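Structure first, then comments.
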Amino acid sequence: MKKPFKLSETELQIMNTLWQLPEPSSLKEIMDFLNERLNKSWKQQTVGTYLSHLEQAGLVSVDKRFARLHLYFPACTKEEYMQNYLKNLVETSFDNSIANLVAAFTGGQKLSEKDAEEIRKLI
């Protein structure tokens, strides 16, 4: 990824599709998968535009070895994207403090002992 990038709902749907597909896929294959799975009627131009934006953001790579057939695949795993996104969120929105992030999630309420123990295990 070139920089932290917040995905729109549609971009996230496309990335989730790419993360699920077992191998690089053509624009038509991706479009057909999205339209069938999400019950949409997106055109190739629409999906192609989203893929182009995702490529510019460094989230999608394109194999252009074949003259008329470009194959798209994720440039990072979903876990890598989420880690990068959350790291940026903590830095920009929570003064680089995990404690502030946790406080926001709990609404200022005390964590249950179970939740606190799970967090301790992660630390």
Side-chain angles (χ1 to χ4, degrees):
M1 284 174 282
K2 294 179 182 177
K3 60 182 170 124
F5 186 79
K6 182 182 184 303
L7 296 172
S8 69
E9 182 179 335
T10 300
E11 290 166 335
L12 183 57
Q13 290 172 332
I14 292 170
M15 286 305 300
N16 278 328
T17 296
L18 291 173
W19 285 319
Q20 289 176 14
L21 292 171
E23 56 191 33
S25 301
S26 71
L27 173 59
K28 183 174 180 350
E29 291 170 328
I30 294 167
M31 183 193 70
D32 290 346
F33 187 84
L34 285 164
N35 285 340
E36 180 181 310
R37 191 176 123 224
L38 302 176
N39 198 25
K40 301 279 186 180
S41 57
W42 290 342
K43 298 189 183 326
Q44 282 190 354
Q45 184 177 359
T46 302
V47 177
T49 298
Y50 279 110
L51 287 170
S52 178
H53 291 158
L54 291 166
E55 179 185 10
Q56 290 171 7
L59 294 170
V60 169
S61 293
V62 185
D63 182 348
K64 298 178 180 179
R65 288 182 288 171
F66 309 102
R68 294 182 181 223
L69 179 67
H70 294 171
L71 299 175
Y72 298 86
F73 56 97
C76 65
T77 65
K78 186 173 187 173
E79 292 75 21
E80 290 168 335
Y81 168 75
M82 292 304 298
Q83 287 173 354
N84 191 37
Y85 175 74
L86 288 173
K87 180 181 176 195
N88 184 60
L89 180 68
V90 169
E91 288 173 0
T92 59
S93 300
F94 296 99
D95 297 326
N96 207 24
S97 168
I98 298 291
N100 289 346
L101 173 71
V102 172
F105 276 111
T106 64
Q109 297 178 359
K110 188 174 180 175
L111 288 174
S112 71
E113 190 56 42
K114 179 183 175 190
D115 288 338
E117 184 58 33
E118 287 181 28
I119 291 173
R120 279 188 211 99
K121 288 178 185 177
L122 293 173
I123 301 172

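We're numbering straight along the sequence, starting at 1. All values below were derived from every heavy atom in this structure, side-chain atoms included, with hydrogens, water molecules and symmetry-related copies excluded. Remember, it's a predicted structure, so these values are computed and weren't measured experimentally.
Of all heavy-atom pairs spanning Gly58 and Ala75, the tightest one is O-CB, 3.3 Å. When all heavy atoms of Cys76 and Trp19 are compared, the pair lying nearest together is O-NE1, 2.8 Å. Across all non-hydrogen atoms, the minimal contact from Glu11 to Lys6 is OE1-O, 4.0 Å.
Residues meeting the side chain to side chain contact (heavy atoms under 4.5 Å, CB included) test with Gln83, sequence neighbours left out: none. Arg65 pairs by the side chain to side chain donor-acceptor pair (under 3.5 Å) definition with Asp63, not counting sequence neighbours.
By the 4.5 Å heavy-atom criterion applied to side chains, Leu21 and Ile30 are counted as neighbours. Gln44 has its side chain within reach of Lys28: a pair of non-hydrogen atoms, C-beta onward, lies under 4.5 Å apart. Contact of the Leu51 side chain with the Leu18 side chain is registered, since non-hydrogen atoms from C-beta on lie closer than 4.5 Å.
Two different hydrophobic clusters hold Val62 and Leu69 under the rule that ILVMFWY side chains link at heavy-atom gaps under 4.5 Å. Note: the hydrophobic cluster containing Met82 also contains Val90 (ILVMFWY, side chain heavy atoms under 4.5 Å, direct or indirect links). Put simply, Leu71 and Met31 are part of two different groups of oily side chains (I, L, V, M, F, W, Y) that touch within less than 4.5 Å, one to the next.
The side chain to side chain contact (heavy atoms under 4.5 Å, CB included) with Tyr50 is formed by just one residue from the set Leu34, Thr10, Val60; it is Thr10.
Leu59 contributes atom CG, which lies 5.0 Å from atom CE of Met15 (distance to the nearest 0.5 angstrom). Between Ile98 atom CD1 and Lys87 atom NZ the span is 11.0 Å, to the nearest 0.5 Å. Distance check, rounded to the nearest 0.5 Å: OG1 of Thr17 to CD of Glu29 gives 12.5 Å. Put simply, NZ on Lys78 and CG on Asn16 are 4.0 Å apart, with the number rounded to the nearest 0.5 Å. Distance check, rounded to the nearest 0.5 Å: OG of Ser26 to CZ of Phe33 gives 13.0 Å. The NZ atom of Lys43 lies 14.0 Å from the NZ atom of Lys40; values are rounded to the nearest 0.5 Å.
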Would you please test Arg120 and Glu117 for salt bridge (Lys or Arg N to Asp or Glu O under 4.0 Å) and show each step? CA-CA 5 Å; Arg120 279 188 211 99; Glu117 184 58 33; 3.1 Å; yes
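Side-chain N or O atoms of Thr49 include one that pairs as donor or acceptor with a backbone N or O of Gln45 at under 3.5 Å. Within the 3.5 Å criterion, the main-chain N or O of Ala103 finds a donor-acceptor partner in the side chain of Thr106.
Taking the six-membered ring for Trp and thresholds of 30 and 60 degrees, Tyr85 and Tyr81 have nearly parallel ring planes, at less than 30 degrees apart.
One finds no salt bridge joining Glu118 and Lys121 here, because no Lys/Arg side-chain nitrogen approaches an Asp/Glu carboxylate oxygen to under 4.0 Å.
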